[in-house]
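Some notes on the structure that comes next.
Just so it is clear, the model here is predicted, and its values are computed rather than measured. Proteins come first, then strands; the chains are lettered A, B, ... in the order of their sequence lines, and each starts at number 1.
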Protein chains: 2
Amino acid sequence: MSTDEPVTLIALARAAGVSKTTASDALRNSGRVSEKTRRHVVAVANRLGYSPNPSARSLRRASTGAIGLHLPEVLTRSEYYMSFVFGVVDQAARESYDVTLITSGGVPTRRVDGLVLGDPLETDAVVRGLMASHVPVVTCERFTGDAEPAGVVLSDHAAMFGELLDHLHGAGARRIALLASSAVTDWGATLQRAYRDWCGGHGMPERLRDLPFGSSTEALRSTVRALLDSDPGIDALVCAPDGAAVAAVPVLRAAGRRIGDDLLLASCVDSSPLAHADPPVTAIDLRPRDAGAACARLLFDLFSGAAEQGTVRAQPIGLVKRASTGA
Amino acid sequence: MSTDEPVTLIALARAAGVSKTTASDALRNSGRVSEKTRRHVVAVANRLGYSPNPSARSLRRASTGAIGLHLPEVLTRSEYYMSFVFGVVDQAARESYDVTLITSGGVPTRRVDGLVLGDPLETDAVVRGLMASHVPVVTCERFTGDAEPAGVVLSDHAAMFGELLDHLHGAGARRIALLASSAVTDWGATLQRAYRDWCGGHGMPERLRDLPFGSSTEALRSTVRALLDSDPGIDALVCAPDGAAVAAVPVLRAAGRRIGDDLLLASCVDSSPLAHADPPVTAIDLRPRDAGAACARLLFDLFSGAAEQGTVRAQPIGLVKRASTGA
DNA sequence: ATGAAAGCGCTAACAA
DNA sequence: TTGTTAGCGCTTTCAT
């Protein structure tokens, strides 16, 4: 197509017979150049395959054209985060921004104009470092540490969890157990609180077990077994960690329980295996792609001033009722 | 901690009482400055919280310090890709490189020094564009189109698939059906070919159904049903698409089959739901994190000249035998 | 062993 | 409406 050398603005200007400035202004629609020369410059640019050098532009503008995205390392295997990532990237692309991934393995060398932090763990040193950086930060879910992010995207997990419990109650459950996630994330803590509140409010017994992030399948299964042994009267089980509900199924079967019949099962995180399970498992749909997009959008609104420091935006989530709760 | 203004090299040099050049050299260990001044400059840099401006550095060096990573949009929900991404990012961080994500939604505005393409689809316009870019490209699996990438990371899927079929055969299976992925990726095509070869070589009947990427659960299930109806003598089913094996389970049960007993079940892509399934499902472990790391490593070797244009590297994969095949 | 100066490609202020 | 000039922060000659 063209030579290996990237075409610079000077080369383009020369080829079009105008100055650097005019060429630059023409391509950026600054409204300074006549329509005629603008067209001409654009045509020449296309012919030469010109594309501006982003480093030079960044240096000049003192903005990088990129945002950073961090996800907690321990949680990264789940479908939820993959969708979240694509939500962020797509929204960013729409604003001509790049997305640089940041893992707990290493902070980016490249500066970014802002940061999106998915489920920031208070205990994560990288997260604390990023929160202290000088660029705007948007978190998905609250950061439970000290620092205040510039923006927060929040879903009403407590309300939706209550809806789920109501649904189970309506289907006849009277002893609902919760296999909780550790409370290191705001999400995990919120669910535990909502569970206790609901049980108290409805005069239902609490049957709660807590599981640290990244627990093995075996740990999870023995916890479920212990839960059932401790109270054989349990007639519903809600699992918070992604994947836990699927992993629990064999244990429930082995205990002689019929899922969707004498034991209702639900998950706090929807994923395709749940839809495919036998029976399909009721779950809260966190709509991760939308959440990711919302985070990016909020960050850009913070850049432009359309949103002010400390903005909190709600992000709707849904409940998907399936056969495991008698649907 | 420090002021909001990022500290520049000039500010640092002034504070340390040296010239820009000396400060720069001291921080990069260029071996030009005396040990004493080097220590002094580094100390001052730490005190001021200096960090070099990556845009300025890129501009000067004509390299960006970032690599691009592209994944096919339709496949992105799987656990495989999430691990792959983290493999790439971690390896890149080790070399102080950033990773910019590229979706089919938009090409990055920022230039990158190289590209990693996971399972490049011949039919993807973005992929074709990226392959034609002027930077080195490493693909994970072969690109079935015209262009030649600078490097390829390859697993021997044909051999491992043969091993899987041998395992089924050894467990007594004589009519092994394959629920294949569409042949738009090299991986999908390779599996179909390997299946035909193996069946031919062992005098076994071919029972093959092809499924386009991103098919719905219902499409998948009716395909499995049709497969069983067409030949009730089928005694083993291998599923290529990620998640298909789990989704097939209810259909197999409904047909009165006992998995791991009168019907063996296996998947060509391992994932946690398979390990948690009842019974646990035998699968090929693609080791995506290692694959991602290998791609990044190859790209850096291409940069440094440690690997030459056209290098192809093998990436080992494994077979995980579980109860669904009588293990 | 160190400093001075040029310049990467671009945009913004100042001229014309 | 267009051109000229300065300079973003850094690395790299070239000179001392």
What contact category does A:Ser58 fall into here, base, sugar-phosphate, or nothing, at under 4.0 angstrom with non-hydrogen atoms? nothing

Take atom CG of B:Leu9 and atom C1' of D:dT12, then tell me their distance rounded to the nearest Å. 13 Å

Of the listed nucleotides (C:dC10, D:dT12, C:dA1), which one gets closest to any side-chain atom of B:Arg28? D:dT12

Counting heavy atoms from C-beta on, name the nucleotide in D:dT11, C:dC10, C:dC8 closest to the side chain of B:Arg57. D:dT11

Close side-chain approach of B:Thr185 and B:Glu141, heavy atoms under 4.5 Å: no

Under 4.0 Å: is that the gap between some side-chain N or O of A:Arg61 and OP1 or OP2 of D:dC8? no

B:Ser34 side-chain proximity, nearest of D:dG9, C:dT2, C:dT11: C:dT2

Nearest to side-chain heavy atoms of B:Lys20, which nucleotide of D:dA6, D:dG3, C:dA6: C:dA6

Kindly indicate whether the side chain of B:Thr21 and the base of C:dA4 share any N or O donor-acceptor pair separated by less than 3.5 Å? yes

Counting just side-chain N and O atoms, does A:Thr22 come under 4.0 Å of either OP1 or OP2 of D:dG3? yes

Of the nucleotides D:dC10, C:dG9, C:dT11, which one has an atom closest to the side chain of A:Ser24? C:dT11

Is any side-chain N or O of A:Ser19 closer than 4.0 Å to OP1 or OP2 of D:dG3? yes

Please classify the nucleic acid contact of B:Ser55 as base, sugar-phosphate, or nothing, using heavy-atom distances under 4.0 Å. nothing

Rounded distance in Å - CG (A:Asn53) to C1' (C:dG9): 6 Å

For atom CG of B:Asp25 and atom P of D:dT13, their distance in whole Å: 12 Å

Are B:Asp186 and B:Arg142 within salt-bridge range, i.e. N to O under 4.0 Å? no

Polar side chain donor-acceptor pair, B:Ser55 to B:Ser58, under 3.5 angstrom: no

Apply salt bridge (Lys or Arg N to Asp or Glu O under 4.0 Å) to the pair A:Arg289 and A:Asp90, showing each step before the final yes or no. CA-CA 9 Å; A:Arg289 197 175 180 113; A:Asp90 275 7; 2.4 Å; yes

I'd like to know if B:Arg32 reaches the base of C:dT2 with its side chain such that a donor and an acceptor end up less than 3.5 angstrom apart. yes

